[in-house]
Visitor: 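Structure incoming, see below.
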Amino acid sequence: MRDTYGREISYLRLSVTDLCNLRCRYCMPEDGVCKKNHEEMLTEDEMILAVRAAASLGIHKLRLTGGEPLVKKNILSICERAAAVAGIREVCLTTNGTLLAPLAEDLRRAGVDRLNISLDTLNPGKYAHITRTGALPQALRGIESALEAGFERLKLNAVLIGGFNDDEIPALAELTRRYPADVRFIELMPMTEHEAFGRGAYVPASAVLSALPELLPEARSDGVARLYRLPGAKGSVGLISAVSSHFCTACNRIRLTADGKLKPCLHSDREISIKGLGLDEMRREMERAILDKPACHAPLSATRRSGAGRGMNRIGG
Ligand code: SAM
Ligand code: SF4
């Protein structure tokens with residue numbers, strides 16, 4: 001379906017939970033989220049109804065995200081049922097990777113086509129610091145298990161943070177030589193008050209080009225990422241300039257939160273609830289959300305925060 005500005009909306013990002021086993025400093029408060037009543041959250045059946053409603057409007061790509069989707073006990077069943085919805089051609093999942101090792105093969109069997117794994121640093125001490133509760137070897141094991149399970153076009157996502165991991169740009173990009181995987185650098189988005197970074201934390205994605213002059217631009221594009229490649233590498237290096245150069249004109253997505261709110265725009269607090277609705281009503285509300293997509297969100301910067309009204313863990317990225 002096309003929105004008011006002629007953009008074809010083909011992509012649903014569904015957050016299956018706002019809970020997480022990690023507490024990344026730019027995403028979540030230290031004490032986690034206050035756990036909502038079970039009744040306020042979408043049930044598995046409602047999530048599948050929402051995917052059916054989306055597919056009936058022409059949405060064919062689905063991303064399952066969170067919080068951390070792999071803390072959800074019924075994640076395999078959600079994946080399997082979502083992948084079986086007529087019209088859904090691609091099911092992707094975004095994870096921090098730390099719980100992935102025992103699940104990678106099952107996820108593939110359940111119909112997940114592609115994985116994105118978040119990895120901000122290759123230094124164990126820094127990983128423990130940024131995630132507050134995580135251990136780097138578990139995340140690396142997750143990446144390896146995804147490759148062993150046969151996931152192709154794996155994406156490793158690093159949020160660029162000045163004074164934290166900007167010195168690791170070459171090492172992170174080198175992963176594209178070690179693994180058949182793409183590495184994508186994402187600009188830090190100013191989401192909430194609790195992220196503990198000062199003004200220097202925001203680093204434009206162009207810093208990657210300065211750190212790696214040997215990067216060669218790729219002819220193909222990948223949605224929101226500008227693509228480059230290190231000579232001889234197995235995967236590409238992508239730059240996602242979510243702050244310095246937004247991609248609203250090419251926006252093709254809507255988001256659904258774990259508590260059943262459709263978000264026409266990531267950086268707006270406009271939300272449409274579909275909790276408790278049947279298929280036809282969900283479809284109508286989804287249509288409304290698509291027609292409600294703004295042309296563009298307000299500019300973001302270190303001092304101009306996102307208007308999302310939620311932390312990223314409660315949206316899904
Ligand atoms: N837990 C999973 C993970 O970490 O991959 C999925 C959910 S997480 C909210 C999705 C993505 O959003 C991650 O790649 C994370 O690094 C990114 N993210 C969270 N907060 C962000 C922020 N303030 N700016 C940019 N990216 C952010
Ligand atoms: Fe959890 Fe992902 Fe947010 Fe980190 S970025 S706290 S892993 S939801």
Side-chain angles (χ1 to χ4, degrees), residues 13-33 63-72 75 92-100 103 107 112 114-121 126-136 138-139 142-143 146 154-162 164-165 172 181-198 201-205 224-225 238-244 246-247 253 255-258 263 266-267 297 300-302 304-317:
R13 297 175 70 107
L14 167 60
S15 171
V16 297
T17 179
D18 50 18
L19 304 178
C20 186
N21 59 326
L22 305 186
R23 298 279 181 275
C24 300
R25 289 170 190 268
Y26 48 75
C27 178
M28 226 169 155
E30 185 161 17
D31 45 4
V33 282
R63 175 171 305 282
L64 301 173
T65 174
E68 172 50 45
L70 302 188
V71 302
K72 190 94 178 149
I75 188 64
C92 311
L93 184 140
T94 304
T95 172
N96 62 43
T98 57
L99 304 172
L100 183 58
L103 280 171
L107 287 168
V112 175
R114 297 177 59 188
L115 291 177
N116 285 7
I117 303 179
S118 302
L119 184 70
D120 298 331
T121 172
K126 283 162 76 175
Y127 189 88
H129 172 77
I130 196 76
T131 62
R132 292 198 184 102
T133 57
L136 179 65
Q138 273 181 302
I143 293 171
L154 199 66
K155 286 183 183 155
L156 306 178
N157 289 338
V159 177
L160 267 176
I161 305 168
F164 174 73
N165 64 0
L172 287 163
D182 299 336
V183 169
R184 306 196 309 172
F185 292 97
I186 303 171
E187 288 178 351
L188 176 66
M189 289 181 257
M191 297 305 291
T192 57
E193 297 298 336
H194 58 66
E195 43 98 346
F197 301 103
Y202 167 74
V203 175
V224 297
L239 308 188
I240 303 187
S241 312
V243 175
S244 62
H246 63 74
F247 21 74
R253 58 201 63 188
R255 295 175 167 80
L256 178 57
T257 66
K263 283 187 85 68
L266 168 61
H267 294 300
H297 60 72
L300 304 172
S301 70
R304 273 188 289 202
R305 290 191 174 275
S306 162
R310 294 170 175 250
M312 203 64 116
N313 69 298
R314 298 191 54 232
I315 305 174

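Note that the structure is a prediction, hence the values are computed from the model and not measured. Counting begins at 1 with the first residue of the sequence. Counting convention: from 1, in listed order, for ligands and their atoms alike.
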Visitor: I'd like to check L64 versus K72 (side-chain heavy atoms, cut-off strictly below 4.5 Å). Are they in contact?
Guide: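 Side-chain contact under 4.5 Å: no.
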Visitor: Identify the protein heavy atom lying closest to atom 26 (N) of ligand 1, giving its residue, its atom name and the separation to 0.1 Å.
Guide: V159 CG2, 3.6 Å
Visitor: Numbering the atoms of ligand 1 from 1, which are under 4.0 Å from a heavy atom of T95?
Guide: 2 (C), 3 (C), 5 (O)
Visitor: Is any side-chain heavy atom of L107 less than 4.5 Å from a side-chain heavy atom of L70?
Guide: yes
Visitor: Would you mind running through ligand 1 and noting each atom that sits below 4.0 Å from a heavy atom of E68?
Guide: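 Near E68, the atoms of ligand 1 are 1 (N), 2 (C).
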Visitor: For E187, counting its heavy atoms only, list the atoms of ligand 1 lying under 4.0 Å from any of them.
Guide: 25 (C)
Visitor: Which residue and atom name correspond to the protein heavy atom nearest atom 4 (O) of ligand 1, and how close is it?
Guide: S118 OG, 3.4 Å
Visitor: May I ask you to list the atoms of ligand 1 that are less than 4.0 angstrom from any heavy atom of T65?
Guide: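 With T65 as reference, the close atoms of ligand 1 come out as 6 (C), 7 (C).
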Visitor: On a heavy-atom basis, which atom in V243 and which in L188 lie closest, and how many Å separate them?
Guide: CG2-O, 3.4 Å
Visitor: Give a yes or no answer on whether the side chain of R132 reaches the backbone of R23 with a donor-acceptor pair at less than 3.5 Å.
Guide: yes
Visitor: If you measure only the distance, is there a donor-acceptor pair under 3.5 Å linking the side chains of N21 and E68?
Guide: no
Visitor: Within the 4.0 Å heavy-atom shell around G66, which atoms of ligand 1 are there?
Guide: 7 (C), 9 (C)
Visitor: Would you tell me which option among G67, C20, A158 has the nearest heavy-atom contact to atom 1 (N) of ligand 1?
Guide: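 Shortest heavy-atom distance from atom 1 (N) of ligand 1: G67.
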Visitor: Given 3.5 Å as the limit, does a donor-acceptor pair link the side chain of N96 with the main chain of A139, or not?
Guide: no
Visitor: Give the numbers and elements of all ligand 1 atoms closer than 4.0 Å to a heavy atom of Y26.
Guide: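 Answer for ligand 1: 16 (O), 18 (N), 19 (C), 20 (N), 21 (C), 23 (N).
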Visitor: Give the contacting part of M191 toward ligand 1: side chain, backbone, both or neither, where contact means a heavy-atom distance below 4.0 Å.
Guide: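 It is the side chain that touches ligand 1; the backbone stays farther off.
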Visitor: Tell me whether the rings of H297 and H267 are parallel (<30°), tilted (30 to 60°) or perpendicular (>60°).
Guide: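 Perpendicular: the ring planes of H297 and H267 meet at over 60°.
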Visitor: Counting each atom of ligand 1 from 1 as listed, which ones have a heavy atom of T94 under 4.0 Å away?
Guide: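 With T94 as reference, the close atoms of ligand 1 come out as 2 (C), 5 (O), 6 (C).
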Visitor: What are the protein N/O/S atoms, named by residue and atom, that sit under 2.8 Å from atom 1 (Fe) of ligand 2?
Guide: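 Counting only protein N, O or S atoms under 2.8 Å from atom 1 (Fe) of ligand 2, the list reads C20 SG.
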Visitor: Using every non-hydrogen atom in the two residues, find where K126 and N165 come nearest and quote the distance to one decimal.
Guide: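 Taking every non-hydrogen atom into account, NZ-CA, 4.3 Å.
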Visitor: Give the numbers and elements of all ligand 1 atoms closer than 4.0 Å to a heavy atom of M189.
Guide: 22 (C), 23 (N), 24 (N), 25 (C)
Visitor: What's the shortest distance from atom 19 (C) of ligand 1 to any protein heavy atom, and which residue and atom give it?
Guide: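 Result for atom 19 (C) of ligand 1: M312 CG, 3.3 Å.
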